[in-house]
Amino acid sequence: MMGPLPSGACGVRILGTGSAVPDRRLTNADFARMMDTSDEWIKQRTGISERRVLDLRTEGCSTLAQRALERAIDAAGIKAEELDLVIVASVTMEMTCPSVSCRIAGAVGAKNAAAFDLVAACSGFVYALNTAEAMVRAGRARTVAVIGSEAMSSIIDYTDRTVSILFGDAAGCAIIQADADPTKGCIYQHMGADGSGWHALYIPRRETDVPPEDAANPVRLGNLRMNGKEVFRFAVTKFREVMEDAFAKTGLTPDDVSQVICHQSNVRIIDAAREKLNIDPSKIYVNIDRYGNSSAGSVPLCLDELWRAGKITKGKPFMLVAFGGGLTWASSVWNT
Ligand code: COA
């Protein structure tokens, strides 16, 4: 971590992005061979056609996180030594000690960087980006790599048809840096949580972690358990509220932003919020059909695809929105 920055207010800019997904595809047809489901049911209820899964014998969360970081470093045109902080958002780190961030910072030669992992489930990347942006703006860091990476296949019980069909593995990274122009960076951010709803989406490690009302759930310990209907209700409402709040607090309208980059949980959840707020479909990116829900990996994967496609227009704000387990939610509105 670095010491004081040049005096005066400081802005923040995104220098470059990167992402990584495994090569192996798990299609709806593969699921139909494994369990009682169909391509039609999955597509109609979720919008998902396929997702990517790691070979967990040799790969994990840190494999994807490192690849995304290396690609973002290349795109940013910096040396790894310039990073003074690496944050990885995840719920699927191989180990909690050491963190994924320590391992990948070491692997890429980011020897001047502090490193920590952050847990906020599907909201993790937006939480991490907001945290990093605030640190850069405050002069506590100058160049930060923010990564969301998930090996969701490591916490999925592939006999549970309601949960397994939703998730895939992915990672994305954004490298941000202090900028002399104070108008650049995050113009609004919001992070929230409601722990009273934790049991709607959770990964129990011990029998005692399981609340009595979920005791009959056959999903094995160490795997993700979900009350799909409860999460659906929460997500539809919260997604809309978080976007409405961000538009209201910034005074922006959907026409003013180049993109709303949202967590890819279910295309019906995205469509419901988009229709309610009357946002043009071209402004809400959807790639869930190809990757499923990759938790903290989903927002930075979308960001990287849009950034590389030139869809984040310079001079126009863009918005990031996510919600997920915890329960958590977050928004981040950026001036480019
Ligand atoms: N294939 C076929 N049938 C399935 C199925 C599958 N993969 N999964 C569940 N079903 C069945 C159920 O058993 C149920 O059968 P029944 O009526 O005989 O009991 C029926 O389909 C309807 O199930 P239901 O749970 O009501 O479906 P749904 O329309 O709520 O869709 C989800 C289920 C999981 C797709 C939906 O609830 C959802 O997307 N929830 C939010 C999940 C989410 O976003 N999580 C991450 C948040 S970050």
Side-chain angles (χ1 to χ4, degrees), residues 26-51 89-92 119-127 148-150 152-153 155-170 191-195 197-203 214 216-219 223-243 261-274 286-289 291-302 320-331:
L26 197 53
T27 65
N28 291 350
D30 293 329
F31 274 99
R33 278 188 287 273
M34 282 156 54
M35 55 177 66
D36 182 14
T37 191
S38 66
D39 177 47
E40 190 192 2
W41 192 97
I42 300 172
K43 268 200 201 127
Q44 195 228 331
R45 303 285 175 123
T46 70
I48 301 168
S49 296
E50 61 179 40
R51 44 324 265 141
S90 185
V91 292
T92 53
V119 176
C122 303
S123 314
F125 178 79
V126 185
Y127 260 68
S149 181
E150 300 285 13
M152 294 306 285
S153 55
I155 55 158
I156 294 298
D157 180 341
Y158 284 99
T159 63
D160 174 13
R161 66 177 182 171
T162 51
V163 175
S164 59
I165 50 118
L166 292 172
F167 293 94
D169 302 336
M191 295 185 274
D194 175 9
W198 69 268
H199 41 74
L201 197 66
Y202 72 112
I203 310 161
D214 201 30
N217 188 337
V219 170
N223 289 309
L224 184 68
R225 292 174 180 223
M226 182 183 76
N227 181 331
K229 281 195 188 313
E230 202 178 321
V231 175
F232 194 89
R233 268 194 303 274
F234 156 75
V236 164
T237 315
K238 192 50 78 180
F239 186 31
R240 176 180 46 77
E241 281 175 10
V242 171
M243 285 203 287
I261 303 172
C262 59
H263 172 49
Q264 308 285 303
S265 57
N266 183 324
V267 81
R268 289 190 292 145
I269 295 173
I270 298 172
D271 284 347
R274 185 178 56 68
V286 174
N287 65 11
I288 191 171
D289 51 320
Y291 304 117
N293 177 346
S294 56
S295 184
S298 102
V299 169
L301 176 60
C302 292
L320 307 168
V321 190
F323 48 85
L327 300 167
T328 56
W329 55 90
S331 66

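Note that ligands are numbered from 1 as they come in the structure, with each ligand's atoms numbered from 1 the same way.
Nearest protein heavy-atom neighbour of atom 6 (C) of ligand 1: T37 OG1, 3.3 Å. Looking only at heavy atoms of the protein, atom 47 (C) of ligand 1 is closest to V231 CG1, 3.4 Å. Looking at atom 21 (O) of ligand 1, its nearest protein heavy atom turns out to be W41 CZ2, 3.4 Å. Among all protein heavy atoms, the one lying closest to atom 44 (O) of ligand 1 is S265 CB, 3.5 Å. Of the protein's non-hydrogen atoms, N266 ND2, 2.7 Å is the one closest to atom 39 (O) of ligand 1. The closest protein non-hydrogen atom to atom 42 (C) of ligand 1 is M226 SD, 3.6 Å. The closest protein non-hydrogen atom to atom 27 (O) of ligand 1 is R45 NH1, 3.2 Å. In this structure, atom 25 (O) of ligand 1 lies nearest to the protein heavy atom K229 NZ, 4.1 Å.
Between the side chains of E150 and T92, at least one donor-acceptor pair of N or O atoms lies under 3.5 Å.
We find that R233 and E230 are not joined by a salt bridge, their nearest charged nitrogen and carboxylate oxygen being 4.0 Å or further apart. Comment: D271 does not engage R268 in a salt bridge, judged by the lack of any side-chain N to carboxylate O separation of less than 4.0 angstrom.
Counting the atoms of ligand 1 from 1 in the order shown, those under 4.0 Å from a heavy atom of G228 are 37 (O), 40 (N), 41 (C). Under a 4.0 Å criterion applied to the non-hydrogen atoms of H263, ligand 1 contributes the atoms 48 (S). Within ligand 1, the atoms closer than 4.0 Å to a non-hydrogen atom of N293 are 46 (C), 48 (S), numbered from 1 in the order shown.
The shortest distance between side-chain heavy atoms of V236 and E241 does not fall below 4.5 Å. Using a 4.5 Å heavy-atom threshold, the side chains of V163 and I156 count as touching. Using a 4.5 Å cut-off on side-chain heavy atoms (C-beta onward), Y202 and D214 make contact.
Protein heavy atoms come within 4.0 Å of atom 1 (N) of ligand 1. Counting protein heavy atoms under 4.0 angstrom from atom 10 (N) of ligand 1 gives one or more. Proximity of atom 18 (O) of ligand 1 to the protein is not indicated, since no non-hydrogen protein atom lies closer than 4.0 angstrom.
In this structure, CG in D157 is found 7.5 Å from OG in S164, a value given to the nearest 0.5 Å. Taken from CE in M226 to CG in D160, the straight-line distance is 8.0 Å, to the nearest 0.5 Å. Atoms NE2 and CG, on H199 and L327 in that order, are 8.5 Å from each other to the nearest 0.5 Å.
Ligand 1 has R268 within reach: a non-hydrogen atom of the residue lies less than 4.0 Å from it. Within the 4.0 Å heavy-atom cutoff, F323 counts among the residues contacting ligand 1. At least one heavy atom of T162 sits less than 4.0 Å from an atom of ligand 1.
Of all the heavy atoms in F167 and M152, the pair that sits closest is CD2-CE, 3.5 Å. In plain terms, the two heavy atoms of V321 and M243 that are nearest each other are CG2-CG, 3.7 Å.
Relative to atom 36 (C) of ligand 1, the option among F232, F239, W329, F167 with the closest non-hydrogen atom is F232.
Checked options F232, Y127, F239, W329; the residue passing with F323 is F239 (criterion: ring pair (Phe, Tyr, Trp, His ring centres under 6.0 Å)).
No N or O atom of S38 sits closer than 3.5 Å to an N or O atom of ligand 1. The shortest N or O to N or O distance between R161 and ligand 1 is under 3.5 Å.
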Intermediate values then yes/no, side-chain contact (heavy atoms from CB on, under 4.5 Å), L166 and T46: CA-CA 7 Å; L166 292 172; T46 70; 3.5 Å; yes
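At a heavy-atom cutoff of 4.0 Å, ligand 1 is contacted by the side chain of T46 but not by its backbone.
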